[in-house]
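The structure under discussion appears below in the form of structure tokens.
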Amino acid sequence: QALLEVHPARGCFRLLSTGHGHYYGVVPLASAPPWLLIGSQGKLSHRVRNASGLPAGTDGVLLFDPAARRVAGTWRLPTFYLHDAILTDDGAYLAVDSDTGVVSELSVDVARHAAGVNARSAGASEARRGGWLALGAGEGRARLRLQRRIPTAPDWGILSGGASSAHANNVIASTRLLWCMHNNLAATSVLRLIDRGSGALRRDIRLGGPNCHNPLFYQGRVLYLLSRVGGLGLLAPNGSSTVLWAAGAGWFSKGLAVVDGLAYFGLASKQLRAVERNDAQAELVAFDLARHAVVWRVKMPFPGLINALSAPKVAPSCSWRACATTAAEEQLHAPSEADWLLYL
């Protein structure tokens with residue numbers, strides 16, 4: 001129900017935004033810092049969406065100024081049930097639709113105003129012709145454009161539930177591959193490796209249980225959340241999974257980011273019904289990946305699941321690839337696509 005900034009060292013939270021539905025994915029607008037792009041999920045969030053201006057039940061992207069705690073505007077997304085949004089190394093903005101299993105690839109454009117052009121008036125007029133939104137005074141304008149839609153469950157029609165049974169909930173990206181998490185609801189979760197150019201399926205990898213979330217590249221492997229037991233798992237290229245930690249069967253984990261060897265993820269008591277997610281009492285957990293030990297657990301000041309975690313001031317990729325305050329270390333976490341494609 002809220003977008004929060006947390007300072008782990010001080011143990012304090014700062015409220016940035018409320019009233020825009022369920023928040024999913026926080027990435028920097030790279031060419032216009034400190035602006036952020038934030039996904040806003042509409043499905044099941046009508047009770048907590050009262051300020052977005054988006055039609056009921058629709059997904060969108062917020063153009064957000066964290067310094068002023070201000071939403072400058074929104075774009076509608078071509079999704080029905082947004083579950084993740086990331087920014088890839090090559091600048092593509094990817095949004096995952098759980099209902100259709102489609103990953104939408106969008107481009108982010110920023111245009112600077114020529115001297116003497118009023119940013120607000122120019123942005124307002126252009127918004128009616130091409131989806132431009134004005135940034136701050138003198139900063140120019142930005143727009144989000146759909147480039148293509150990539151199905152990640154093209155064969156799911158043979159099952160009774162259709163693509164929604166796959167419940168695609170997260171995506172990560174390497175140079176040539178999309179790695180899409182299929183939660184599969186009560187069935188075993190699967191990580192699908194899909195060719196970014198052709199859309200062809202390259203490999204399916206079964207995970208360590210059902211209801212998994214948030215794959216993330218770490219030291220050439222993939223961390224992910226075993227949400228059904230409130231746990232954290234590690235997947236190797238050969239398809240074997242290891243449970244690093246689990247809170248137990250009464251817990252649910254969601255939202256993951258890794259910074260400087262610490263995995264941060266959300267944890268909450270398991271909910272029986274989807275609508276109860278708005279009232280869940282969640283915690284933020286810090287887990288030391290070198291020692292395989294919990295460093296701390298802190299209760300959140302607002303109710304609701306932790307859907308996503310990010311560290312946009314460190315790197316755009318912290319929610320899908322381990323990041324570090326030293327750029328050289330961050331390169332250690334990129335996967336070897338050849339290693340992962342050996343086991344077809």
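Numbers here simply count residues along the sequence, with the first being 1. Values reported hereafter were calculated over all heavy atoms of this structure, with side chains retained and with hydrogens, waters and symmetry mates removed.
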Task: Co-membership, hydrophobic cluster, residues V294 and L232, 4.5 Å side-chain - done: yes

TODO: Using atom types as modelled and distance alone, determine if a side-chain donor or acceptor of W296 lies under 3.5 Å from a backbone N or O of V285.
DONE: no

Open item on the list: Is there a path of hydrophobic side-chain contacts, each under 4.5 Å between heavy atoms, that joins L207 and W245?
Closed with: no

Task: Smallest separation among heavy atoms of V258 and L216, with atom names - done: CG2-CD2, 3.7 Å

- [ ] Could you grab the distance from atom NE2 of H7 to atom CZ of R14, nearest 0.5 Å is fine?
- [x] 7.0 Å

Task: Separation between CG of D260 and CG of D288, rounded to the nearest 0.5 Å - done: 11.0 Å

Open item on the list: Is it the case that atom NE2 in H292 sees more than 12 heavy atoms from other parts of the structure closer than 6.0 Å?
Closed with: yes

TODO: Please report the shortest heavy-atom distance between V96 and A168, naming the atom on each side.
DONE: CG1-O, 3.5 Å

TODO: Indicate, with yes or no, if V71 and V48 share a hydrophobic cluster defined by side-chain heavy-atom contacts under 4.5 Å among Ile, Leu, Val, Met, Phe, Trp and Tyr.
DONE: no

Open item on the list: Side chains of N183 and S189: any donor to acceptor distance under 3.5 Å?
Closed with: no

Task: Neighbour count >12 (heavy atoms, 6.0 Å) for atom CZ, R196 - done: yes

Open item on the list: With a 3.5 Å distance limit and no angle check, can you tell me whether N169 reaches the backbone of C212 through a side-chain donor-acceptor pair?
Closed with: yes

Task: More than 12 heavy atoms of other groups within 6.0 Å of R148 CZ - done: yes

Open item on the list: Can you confirm whether W320 sits close enough to V171 that some side-chain heavy atom of one is under 4.5 Å from a side-chain heavy atom of the other?
Closed with: no

TODO: Please identify each residue that fulfils ring-ring contact (aromatic ring centres under 6.0 Å, His included) with W340, with sequence neighbours left out.
DONE: W179

Open item on the list: Per the salt bridge (charged side-chain N to carboxylate O under 4.0 Å, His left out) rule, what does the pair list look like for residues 166-185, sequence neighbours excluded?
Closed with: R176-E337

TODO: State, yes or no, whether a side-chain contact exists between E105 and I150 at a heavy-atom distance under 4.5 Å.
DONE: yes

Task: same_hphob_cluster(L223, F287) at 4.5 Å side-chain heavy-atom cutoff - done: yes

Open item on the list: Can you confirm whether or not the ring centre of H333 sits under 6.0 Å from the ring centre of F217?
Closed with: no

Open item on the list: Between R49 (side chain only) and S40 (backbone N and O only), is there a donor and an acceptor less than 3.5 Å apart?
Closed with: yes

Open item on the list: Once rounded to the nearest 0.5 Å, what's the spacing between atom CG of L94 and atom CD of Q147?
Closed with: 11.5 Å

TODO: Output yes when D99 and K43 qualify as a salt bridge under the 4.0 Å nitrogen-oxygen rule, no when they do not.
DONE: yes

- [ ] Say whether, by atom type as modelled, one donor and one acceptor occur between the side chain of S240 and the main chain of A236 under 3.5 angstrom.
- [x] no

Task: From CA spacing to verdict: side-chain hydrogen bond (donor to acceptor under 3.5 Å, both in side chains), T79, D59 - done: CA-CA 6 Å; T79 56; D59 297 331; 2.7 Å; yes

Task: Smallest separation among heavy atoms of I306 and A282, with atom names - done: CG1-CB, 4.1 Å

Open item on the list: So does A92 get a backbone contact from the side chain of T88, meaning a donor-acceptor N/O pair under 3.5 Å?
Closed with: yes

Task: L15 and F302, any side-chain heavy atoms less than 4.5 Å apart - done: yes

Task: For F13 against K299, the heavy-atom pair lying closest together - done: CE1-O, 4.1 Å

Task: Basic-acidic side-chain contact under 4.0 Å: D339, R221 - done: no

Open item on the list: Test your reading of the model: is there a side-chain donor-acceptor pair from D195 to the backbone of S198, 3.5 Å cut-off?
Closed with: yes

Open item on the list: L235 vs L191, test: side chain to side chain contact (heavy atoms under 4.5 Å, CB included). Steps then yes/no.
Closed with: CA-CA 10 Å; L235 177 69; L191 190 62; 4.0 Å; yes

Open item on the list: Once ring-ring contact (aromatic ring centres under 6.0 Å, His included) is applied, do any residues pair with H22, and if so which ones, sequence neighbours excluded?
Closed with: none

- [ ] Would you kindly say whether N307 and K254 are connected by a side-chain donor-acceptor distance under 3.5 Å?
- [x] yes

Open item on the list: With rounding to the nearest 0.5 angstrom, report the CG to CG distance, L226 to L234.
Closed with: 10.5 Å

Task: Min side-chain heavy-atom separation W35-L135 under 4.5 Å - done: yes

Task: Minimal non-hydrogen separation, G101 against A163, with atom names - done: N-CB, 4.4 Å

Open item on the list: Once salt bridge (charged side-chain N to carboxylate O under 4.0 Å, His left out) is applied, do any residues pair with D109, and if so which ones, sequence neighbours excluded?
Closed with: R143, R145

TODO: Check for a donor-acceptor pair, side chain of S227 on one end and backbone N or O of S253 on the other, with a separation under 3.5 Å.
DONE: yes

Open item on the list: Using only atom types and a distance under 3.5 Å, with no angle test, would you say the side chain of T188 pairs donor to acceptor with the backbone of G209?
Closed with: no

Task: With sequence neighbours excluded, residues passing side chain to side chain donor-acceptor pair (under 3.5 Å) with E283 - done: R297

- [ ] Specify the closest pair of heavy atoms between D97 and P78, including all atoms of both residues, with the distance to one decimal.
- [x] OD2-O, 4.5 Å

TODO: Assert yes or no for the condition that the ring centre distance of H213 to Y224 is strictly below 6.0 Å.
DONE: no

Open item on the list: Can a side-chain donor-acceptor contact be found between S98 and H83 if the only test is distance below 3.5 angstrom?
Closed with: yes

- [ ] Any chance you could measure S17, atom OG, to L3, atom CG, to the nearest 0.5 Å?
- [x] 6.0 Å

- [ ] Check the hydrophobic clustering (I, L, V, M, F, W, Y; side-chain heavy atoms under 4.5 Å; chains of links allowed) and say if L178 and I205 are grouped together.
- [x] yes

Task: L63 CG to L36 CG distance, which is reported to the nearest 0.5 Å - done: 9.0 Å

Task: 4.5 Å side-chain heavy-atom contact, L44 and Y81 - done: yes

Task: Contact check, side chains of Y23 and L62, non-hydrogen atoms, under 4.5 Å - done: yes

Task: T152 side chain to V102 backbone, donor-acceptor under 3.5 Å - done: no

Open item on the list: If you define the side chain from C-beta out and look only at heavy atoms, does anything of Q1 sit under 4.5 Å from T18?
Closed with: no

Open item on the list: S104: which residues meet the side chain to side chain donor-acceptor pair (under 3.5 Å) condition with it, sequence neighbours left out?
Closed with: none

Task: pair Y93-V61: side-chain heavy atoms closer than 4.5 Å - done: yes

